[in-house]
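Hydrogens, waters and symmetry mates are skipped; everything else that's a heavy atom, side chains included, is used. Letters A, B, ... mirror the listed sequences (proteins, then strands); counts begin at 1.
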Protein chains: 2
Amino acid sequence: MMNRLTRKLEAFGPLPDADKRLLDEIIRDARSVKPRTDLIREGETPNDVNLILEGFACRYKMTPNGTRQIVAYLVPGDFCDLHVFILKAMDHTIATLSQCQVVKIPRPRILALMERPAIARAFWWAALVDEATLREWLINVGVRTAEQRVAHLLCELLLRLETVGLTNGDTYELPITQAELADTVGLTAVHVNRVLQRLRGDGLITLKGKNLVILDVARLKALSGFNPNYLHLSDQNGLPEQSV
Amino acid sequence: MMNRLTRKLEAFGPLPDADKRLLDEIIRDARSVKPRTDLIREGETPNDVNLILEGFACRYKMTPNGTRQIVAYLVPGDFCDLHVFILKAMDHTIATLSQCQVVKIPRPRILALMERPAIARAFWWAALVDEATLREWLINVGVRTAEQRVAHLLCELLLRLETVGLTNGDTYELPITQAELADTVGLTAVHVNRVLQRLRGDGLITLKGKNLVILDVARLKALSGFNPNYLHLSDQNGLPEQSV
DNA sequence: CGTCGTCTTGAACTTGCTCAACAACCGTGG
DNA sequence: CCACGGTTGTTGAGCAAGTTCAAGACGACG
């Protein structure tokens, strides 16, 4: 089974075997990180890049009034910040949400990888997709209703987790509390709770503990106006699932 | 007087004179574009990069229900898309808001510029600031009140326009309708109107036609919780204004 | 001088929030 | 194995921010 990073990058295009071997080396000595642990804080200047191998992490920012906005989810195969090197200081914080496996990749190793044309292109692709996702999230909180926001997020995660082999049909593990979901889609935890119940009531999903089942993907996509183009997958319909 | 692009890039760090001359050459033969004109549409694959020299443009996306969300403003000195080359298709549309002066820079010229280390670094810096701005906008619509959203946007534009020499003290030209402002901050035009009146009533701004005067920058920043760190300017307080 | 877009105002309405209480769940230690 | 405490999820009722619809005023420009 391919490692998550390679799987993700190959969603853009195939990589030479030599490159894949390099990527395999990188993900040695991962460390385990507890849930709700800051990996890099706003204001810091990290000298290495974190790569998530297991679990969910996020980028977030606090506002003066004490509210939190999560601005990105980081799932297995995602880099925390590929090009922090250029900027003096982080303008946001990165933290784990669930229990995670994380690798710290030192700057020189990243630069070495960037020498490989196929890898360099794949890295840029990943960075551009991150930005496109940010735009889509802005649209989510900007114009969509509460139901649509949650539904859209669930659709996005289905595709993203699919590309790294973490789905089983239309089922995946969502190790996120409703409060965290709320901080993501710009709603309160109470309201997210009611939204989830309506989605359940409409026969769109089941969500028990961390186990999410999307019962009717087509309807969930239609409801949220989901269009996967912003993820820039070569196969726009998502990869055919090779089950576990 | 330096050209807008050079001014912007030097907000990151000084450029060699030879590089500046190259940047001057690029901005020849600009063309004039009417307001509300699409420059690149969702789905297209452009072969050149647009650079805004005068006026305001934006990135936006439509949702199935016919609402529009503006996800970025492009002001003089801003590139429309520096690295579209990697992706197959645009996932959003770019359009002018006001009358604009725009240059089309063909792909090979961009690649030639990227050979210059100082320019390459400055380009990446600009791209990263774009992404950071997107995060801040997500926070804007995610957690801030209507007043704060508008106030924050006005503070951001003050700094951005200051770095390209388009402010006069705390005054600048804002060639944007209230409806467009609404599509930017995730409110209705009616409500934006009421918010602006409250900001006027509180002695924070005047806005007559396209002429914006910020009467009390400190209070406007405090109100919106504005922190300029995400713009990653070398001088975090904004450049000292060298008036026109 | 009329027309079209933009701005302004009012009043009813709706979505999502706040506050508060309670239930279900999970890991820990006795 | 059960009791306990803390976190997460659920429910209700009142409230507030922002929306919707509709009409009128202003202003720029032919």
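Chain B approaches DNA chain C within less than 4.0 angstrom (heavy atoms of the protein), and the contacting nucleotides run 5' to 3' from C:dT6 to C:dA11.
Below 30°, between 30° and 60°, or above 60°: for B:Tyr230 and B:His152 the angle between ring planes is below 30°, a parallel geometry.
One end of the helix from C:dC1-D:dG30 to C:dG30-D:dC1 points its axis 40° away from the other end's axis, with each axis taken from 5 pairs and the angle rounded to 10°.
Taking the side-chain hydrogen bond (donor to acceptor under 3.5 Å, both in side chains) definition, one finds that B:Thr63 meets it with B:Thr67, sequence neighbours left out. Take A:Arg149 and apply the side-chain hydrogen bond (donor to acceptor under 3.5 Å, both in side chains) test, not counting sequence neighbours, and it matches no residue. Scored by the side-chain hydrogen bond (donor to acceptor under 3.5 Å, both in side chains) test, A:Gln99 finds A:Ser32 as partners (sequence neighbours excluded). Legend: residues meeting side-chain hydrogen bond (donor to acceptor under 3.5 Å, both in side chains) with A:Gln197, ordered by chain and number and at least two apart, are A:Asn193. Remark: B:Tyr60 engages no residue in a ring-ring contact (aromatic ring centres under 6.0 Å, His included) (not counting sequence neighbours).
Remark: of the listed residues B:Val71, B:Leu39, B:Ile40, B:Thr93, B:Val71 is the sole one forming a side-chain contact (heavy atoms from CB on, under 4.5 Å) with B:Arg59.
Close to D:dG9, at under 4.0 Å from its OP1 or OP2, lies no side-chain N or O of A:Asn193.
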Exercise for the section: Do nucleotides 15-30 of chain D as a string where each nucleotide becomes B, S or -: B if the base has a protein heavy atom under 4.0 Å, S if just the sugar-phosphate does, - if no protein is that close. Expected result: ---SBBB---------
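In this structure, a donor-acceptor pair under 3.5 Å is absent between the side chains of A:Asn168 and A:Thr171.
Of the residues in residues 172-183 of chain A, A:Thr177, A:Gln178 come within less than 4.0 Å of DNA chain D through at least one heavy atom, sorted by number.
For residues 39-58 of chain A, the salt bridge (Lys or Arg N to Asp or Glu O under 4.0 Å) pairs, not counting sequence neighbours, are A:Asp38-A:Arg41. Applying the ring pair (Phe, Tyr, Trp, His ring centres under 6.0 Å) test to residues at least two apart or on different chains, none of the pairs has a partner in residues 163-214 of chain B. The salt bridge (Lys or Arg N to Asp or Glu O under 4.0 Å) contacts involving residues 191-209 of chain B comprise B:Glu147-B:Arg198, where partners must be two or more places apart or lie in separate chains.
For the pair B:Phe56 and B:Leu157, the minimum side-chain heavy-atom distance is below 4.5 Å.
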